[in-house]
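Have a look at the structure below, then the notes.
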Amino acid sequence: AGPVGVHGGLGDTTVLDVFMHPMKKLKTTVGFGYTAVLPTATHPQLGLSEWKLGPALIVMSKAIPKWNIGFLYQQPYSFQSDSYQVQLQPIIVRTLPQEWYVRWGELTWKLDDENGNYDIPLNIAVGKVADIGRHKVNIFVEPWYTPPGLHRGGDGSHRSRIDGNGGGSSWGVKLNVTVLFPEAKLYAPILHHRMAH
C-alpha cells in the first residue's frame with residue numbers, strides 16, 4: 001500500500017519451459033509446459049521473494065498470411081503463501097515490408113489473483129528488425145493505457161509494474177531494444193526439446 005517509489009535492482013526471474021507441437025496442416029503450434037518464478041528480487045518493491053510454479057500453455061497460428069495470432073497462458077502458484085496469478089498474454093502480430101511490424105500483446109493481462117484483483121492494459125507496438133553491425137536487433141515502441149474499469153487492486157500494483165504492465169498507472173510508454181541471435185540453439189531445462197531462440 002502507498003506510493004511505489006523508484007528502485008533499481010534485479011527483479012524475480014521467470015522460467016517458461018514448454019514442449020512445442022507443430023500442426024503443419026493447420027499452420028498452428030501448440031505448447032504445454034510449466035512456468036517457474038525464482039525469488040531473485042533485490043528489493044521488496046521489485047518482486048514477491050517467493051518460489052512459484054504452475055502450468056503454461058501457448059497457441060500460435062500462422063494460418064492467415066502475414067499474421068501471427070495466439071496466446072500465452074500461465075498460472076504460477078506460490079509455495080510459501082496463498083499467492084497465485086492467472087495470466088494471459090494475447091499475441092497478434094502483423095508483419096509489414098522491410099521487417100517492420102505492428103503488434104498487440106507484449107504486455108501480460110493479470111485476470112485474477114488470490115484477492116480477485118485484475119489488470120488488463122491495452123497496448124499496441126510498432127517495431128522493426130534491423131541490422132546493426134553483425135547483429136540483428138528488434139526495436140519497438142509501445143504505448144499502453146489501462147482504463148479504470150480494467151484494473152482492480154491496490155496491493156499488487158507494484159507487481160504489475162515489475163511484470164512489465166502498466167499496473168496502477170493509467171498509461172505509459174515502453175521502448176525496447178533486443179539483440180537477436182537466430183542462429184543459437186538452446187535445450188529446454190526439463191522438457192528437453194531443441195528450439196531456435
Side-chain angles (χ1 to χ4, degrees), residues 1-2 4 10-21 23 26 28-41 43-61 67-93 103-125 140 142-172 174 176 188-191 193 195:
V4 174
L10 182 67
D12 288 339
T13 300
T14 299
V15 176
L16 176 64
D17 187 27
V18 292
F19 172 77
M20 303 300 289
H21 176 67
M23 298 181 288
L26 298 176
T28 299
T29 300
V30 177
F32 300 94
Y34 69 91
T35 182
V37 179
L38 314 180
T40 56
H43 189 279
Q45 297 274 14
L46 301 178
L48 295 179
S49 298
E50 296 180 1
W51 293 89
K52 288 186 173 186
L53 182 68
L57 166 68
I58 185 169
V59 177
M60 286 300 301
S61 174
W67 289 86
N68 290 339
I69 300 174
F71 67 88
L72 169 63
Y73 165 86
Q74 302 176 79
Q75 191 166 348
Y77 291 87
S78 173
F79 288 111
Q80 297 163 264
S81 70
D82 294 331
S83 174
Y84 75 91
Q85 282 190 358
V86 178
Q87 302 171 1
L88 182 68
Q89 181 181 351
I91 304 168
I92 303 173
V93 182
R103 178 182 65 204
W104 173 286
E106 214 278 323
L107 301 182
T108 301
W109 295 355
K110 181 179 76 174
L111 301 179
D112 187 26
D113 67 9
E114 68 278 11
N115 298 313
N117 297 331
Y118 52 86
D119 188 54
I120 306 174
L122 307 178
N123 62 291
I124 188 167
F140 69 83
E142 178 181 40
W144 78 74
Y145 173 66
T146 306
L150 296 182
H151 174 79
R152 176 179 181 267
D155 66 327
S157 61
H158 69 280
R159 301 181 197 174
S160 297
R161 281 195 180 94
I162 298 309
D163 290 342
N165 290 0
S169 302
S170 59
W171 67 274
K174 180 177 184 178
N176 188 88
I190 292 179
L191 298 181
H193 68 285
M195 60 184 180

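Residue numbers run from 1 in the order of the sequence given.
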Heavy-atom check, side chain of [X] versus side chain of [Y], under 4.5 Å:
X      : Y      : result
Met20  : Ile58  : yes
Glu114 : Ser83  : yes
Met23  : Val30  : yes
Trp51  : Ser78  : no
Leu107 : Glu142 : yes
Asn68  : Met60  : yes
Val59  : Tyr73  : no
Gln80  : Ser49  : no

For the [atom1] atom of [X] and the [atom2] atom of [Y], what is their distance to the nearest 0.5 Å?
X      : Y      : atom1 : atom2 : value
Ile91  : Trp67  : CD1   : CH2   : 14.0 Å
Tyr145 : Asn123 : OH    : CG    : 14.0 Å
His21  : Thr28  : NE2   : OG1   : 10.5 Å
Lys52  : Phe79  : NZ    : CZ    : 11.5 Å
Leu16  : Gln89  : CG    : CD    : 9.5 Å
Tyr34  : Leu53  : OH    : CG    : 8.0 Å

Backbone N/O of [Y] and side chain of [X]: donor-acceptor pair under 3.5 Å:
X      : Y      : result
Asp119 : His151 : no
Tyr84  : Asp113 : yes
Thr35  : Gln74  : no
Trp171 : Thr146 : no

Heavy-atom closest pair, residues [X] and [Y]:
X      : Y      : result
Tyr77  : Pro55  : CE1-CD, 4.5 Å
Ile120 : Pro147 : O-CD, 4.5 Å
Pro121 : Thr108 : CD-O, 4.1 Å
Arg152 : Gly116 : NH1-O, 2.9 Å
Ser61  : Leu26  : OG-O, 4.4 Å
Leu111 : Tyr118 : O-CB, 3.5 Å

ask   = Of all residues at least two apart in sequence or in a different chain, which pass the side-chain contact (heavy atoms from CB on, under 4.5 Å) check with Ile124?
value =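 With sequence neighbours excluded, Ile124 shows a side-chain contact (heavy atoms from CB on, under 4.5 Å) to Val102, given in chain and number order.
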